[in-house]
Amino acid sequence: MSETFARPRFGMPPEPKNRINPGQRLVGVIDYVAASHGRAVAFLALCGLLFTLSGFFTIPPIDRDEARFAQATKQMVETSDFVDIRFQGEVRYKKPVGIYWLQATVVEAASALGLPRAEVRIWLYRVPSMLGAIGAVLLTYWTALAFVTRRGAVLAGLILCSSILLGVEARLAKTDAVLLLTVIAAMGAMARVYLAWQRGEDSARGSWTTPAIFWTALAGGILLKGPLILMFVGLTIVTLAICDRSLAWLRRLRPLWGALWMLALVLPWFIAIFQRAGESFFSDSVGGDMLSKITSAKESHGAPPGVYFLLFWVTFWPGAPLAAMAAPAVWRARREPGAQYLLAWLVPSWIVFELVMTKLPHYVLPLYPAIAILLVGALERRVLSRGWLTRGAAWWFAIPAAVLTIAVVGAVWLTRQPAFLAWPFVAVSMIFGLLAWRLYDDIRSEHAMLNAVASSLFLSVAVYGIVVPSLTPLFPSVEIARALRNVVCVGPKAAAAGYQEPSLVFMTGTSTLLTDGSGAADFLGQGSCRFALVESRTERAFAARAEAIGLRYDVAARIDGYNFSQGRAISVAVFRSEGTQ
């Protein structure tokens, strides 16, 4: 059958008229919200909240990175020193100051509004990540408008919003969700300039808005995670230069004035930290953190090439099956301007991450928006694969089924409870996943994808909102801090031996002494209202030193748990000097 209209092409201006209307309820919602930009933005913002709020307030501090970031920010607030970055007495120069400033602003605002104990409420430190994730979804929509229709842009935002990896990062008080926002802003602005050049549009009187967004986003990314954002942008530019044999379009980004603006934003803090710490910040962050990860596996996070490809099928779920089905069509369209740009954003940086020795799942997160837009482009053109790749639709059902099994087994193992409250949500998630699988074909692929997004929403409620907060043995720092808050004496001081995770320092106070068993005994003997937090493996050294110095002490509490950072069960005794209540 011959077609009566031209299919949308990657990089073409958005088309105002919807041609796909299967008439299903979920698709009807998209019909409604895609009728205007205001509705689309409001809808995606609401979806962002729904996907990130479950568990946001109830999941305790996660070791180790989140707790380290939060504690460093907490010390900034306590000392009012917003230049230096420290964890207790040690400098923390692995990342620039951007995320600490954002977190400190939220904590200071909450304290000013009268929220009690704001400095130890971990959810306050997560607010920038949540807003960064929602902003990334909205900017994915904005970026996608340069490549696909408004309806397709909404779908691209939904796919990113529902991805497992973004859901995780939105709930962690660290840099990656906010970095994602800056990368999408920069790449979206650059895409508009590049596609306008490809279409031959005149830029003699072009607006300064797009270059301003681009260079401001670069500055924000540098303040968050150093030069990493420059890698995404630089590799994309080099790849496009090779493909087009021209860089004439870069002039439209106002590189001279833009670079000056970027430097004006980032240099003040870099100058301040150089005056404070000399070259140590640059040697620690660039040499000790970033460059060392290229040649060696840091913190036991080494993995061979190909790991990110394998992780993709879980971390980009529920969009991953559609990405596989869209791959042949994307390859055929690789010479079209839009597809060429998105592949230049995606492929070179992905190869770099696969070759780098140190691997963490979130490293490739800034590449996921490009994948979302590419697969939506294939979805709109109805060119998804009809071959063996369609068997991947079963993955929409397999993930909720696997999560149910893992959640039940994990909950029974850790708490002796099967997490019954989560079962209905996982069951609904499995139903939506089954519908997505069974209803998938090239004609109803949009309907299938929306069912998969619904499946992801219910799965996130079950996992983040119910299962994870119920696994109390995984968060012994919370119970230890609660035991110290229940003491009668004023201003308790603590020393920890054996169990020394960053979450413990965050929950019990910056002054918490991290020592060994003998040091904990000496600390306890130095006065009243002191507590020694001694893990069972160091109790013998503690007891021997206590006997040697004639220390008399009582056991205030004993907390059993599981240190998932080290992968072992622990038992922490809270010792107090005799007479301390």
Over 12 foreign heavy atoms within 6.0 Å of [atom1], [X]:
{"X": "Arg334", "atom1": "CZ", "result": "yes"}
{"X": "Tyr464", "atom1": "OH", "result": "yes"}
{"X": "Phe309", "atom1": "CZ", "result": "no"}

Please confirm whether the backbone N or O of [Y] pairs with a side-chain atom of [X], one donor and one acceptor, at under 3.5 Å?
{"X": "Ser455", "Y": "Met430", "answer": "no"}
{"X": "Lys359", "Y": "Glu354", "answer": "yes"}
{"X": "Ser349", "Y": "Leu346", "answer": "no"}
{"X": "Arg150", "Y": "Ala35", "answer": "yes"}
{"X": "Lys74", "Y": "Phe506", "answer": "yes"}
{"X": "Trp317", "Y": "Ser163", "answer": "no"}
{"X": "Arg416", "Y": "Trp413", "answer": "yes"}
{"X": "Glu535", "Y": "Tyr499", "answer": "no"}

No-hydrogen, no-angle side-chain donor-acceptor test under 3.5 Å, [X] and [Y]:
{"X": "Arg171", "Y": "Ser54", "value": "yes"}
{"X": "Ser456", "Y": "Ser162", "value": "no"}
{"X": "Thr315", "Y": "Tyr368", "value": "yes"}

Considering non-hydrogen atoms only, spot the tightest contact between [X] and [Y] and give its length.
{"X": "Gly319", "Y": "Ile159", "result": "CA-CG2, 4.1 Å"}
{"X": "Ala170", "Y": "Phe56", "result": "O-CE1, 3.8 Å"}
{"X": "Leu180", "Y": "Pro366", "result": "CD1-CA, 3.5 Å"}
{"X": "Leu44", "Y": "Gly157", "result": "CD2-C, 4.1 Å"}
{"X": "Ser111", "Y": "Ala118", "result": "OG-CB, 3.4 Å"}
{"X": "Pro328", "Y": "Ser385", "result": "CG-CB, 4.3 Å"}

Check: Parallel, tilted or perpendicular: which describes the rings of Phe353 and Phe232, with under 30° parallel and over 60° perpendicular?
Finding: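 Because their plane-to-plane angle lies in the 30° to 60° range, the rings of Phe353 and Phe232 count as tilted.
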For [Y], is there an ion pair with [X] - N to carboxylate O distance below 4.0 angstrom?
{"X": "Glu336", "Y": "Arg381", "value": "yes"}
{"X": "Lys225", "Y": "Asp176", "value": "yes"}
{"X": "Glu446", "Y": "Arg151", "value": "yes"}
{"X": "Lys174", "Y": "Glu169", "value": "yes"}

Could you tell me if the side chain of [Y] sits less than 4.5 Å from the side chain of [X], heavy atoms only?
{"X": "Trp123", "Y": "Ile59", "result": "no"}
{"X": "Leu179", "Y": "Ile99", "result": "no"}
{"X": "Leu160", "Y": "Ile184", "result": "yes"}
{"X": "Phe316", "Y": "Leu165", "result": "no"}
{"X": "Ile480", "Y": "Val572", "result": "yes"}

Please tabulate, for side-chain N and O atoms in residues 136-147, each donor-acceptor pair with protein atoms closer than 3.5 Å (sequence neighbours left out).
unit_1, atom_1, unit_2, atom_2, d
Thr140, OG1, Ala136, O, 2.8
Tyr141, OH, His37, ND1, 2.6
Thr143, OG1, Leu139, O, 2.8

Checklist line | Arg558: partners by side-chain hydrogen bond (donor to acceptor under 3.5 Å, both in side chains), with sequence neighbours left out | finding: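 In terms of side-chain hydrogen bond (donor to acceptor under 3.5 Å, both in side chains), with neighbours along the sequence ignored, Arg558 is linked to Glu539, Ser571.
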Using the side-chain hydrogen bond (donor to acceptor under 3.5 Å, both in side chains) criterion, which residues pair with Tyr341? Sequence neighbours excluded.
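Residues passing side-chain hydrogen bond (donor to acceptor under 3.5 Å, both in side chains) with Tyr341: none at all.
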Inset, instruction - With ring-ring contact (aromatic ring centres under 6.0 Å, His included) as the test, would you mind laying out the steps for Phe69 and Tyr125 before giving the verdict? - result: CA-CA 9 Å; Phe69 277 103; Tyr125 298 82; over 10 Å; no
_Taking side-chain contact (heavy atoms from CB on, under 4.5 Å) as the criterion, tell me which of Leu322, Leu435, Leu434 meets it with Trp396._
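By the side-chain contact (heavy atoms from CB on, under 4.5 Å) criterion, Trp396 pairs with just one of Leu322, Leu435, Leu434: Leu322.
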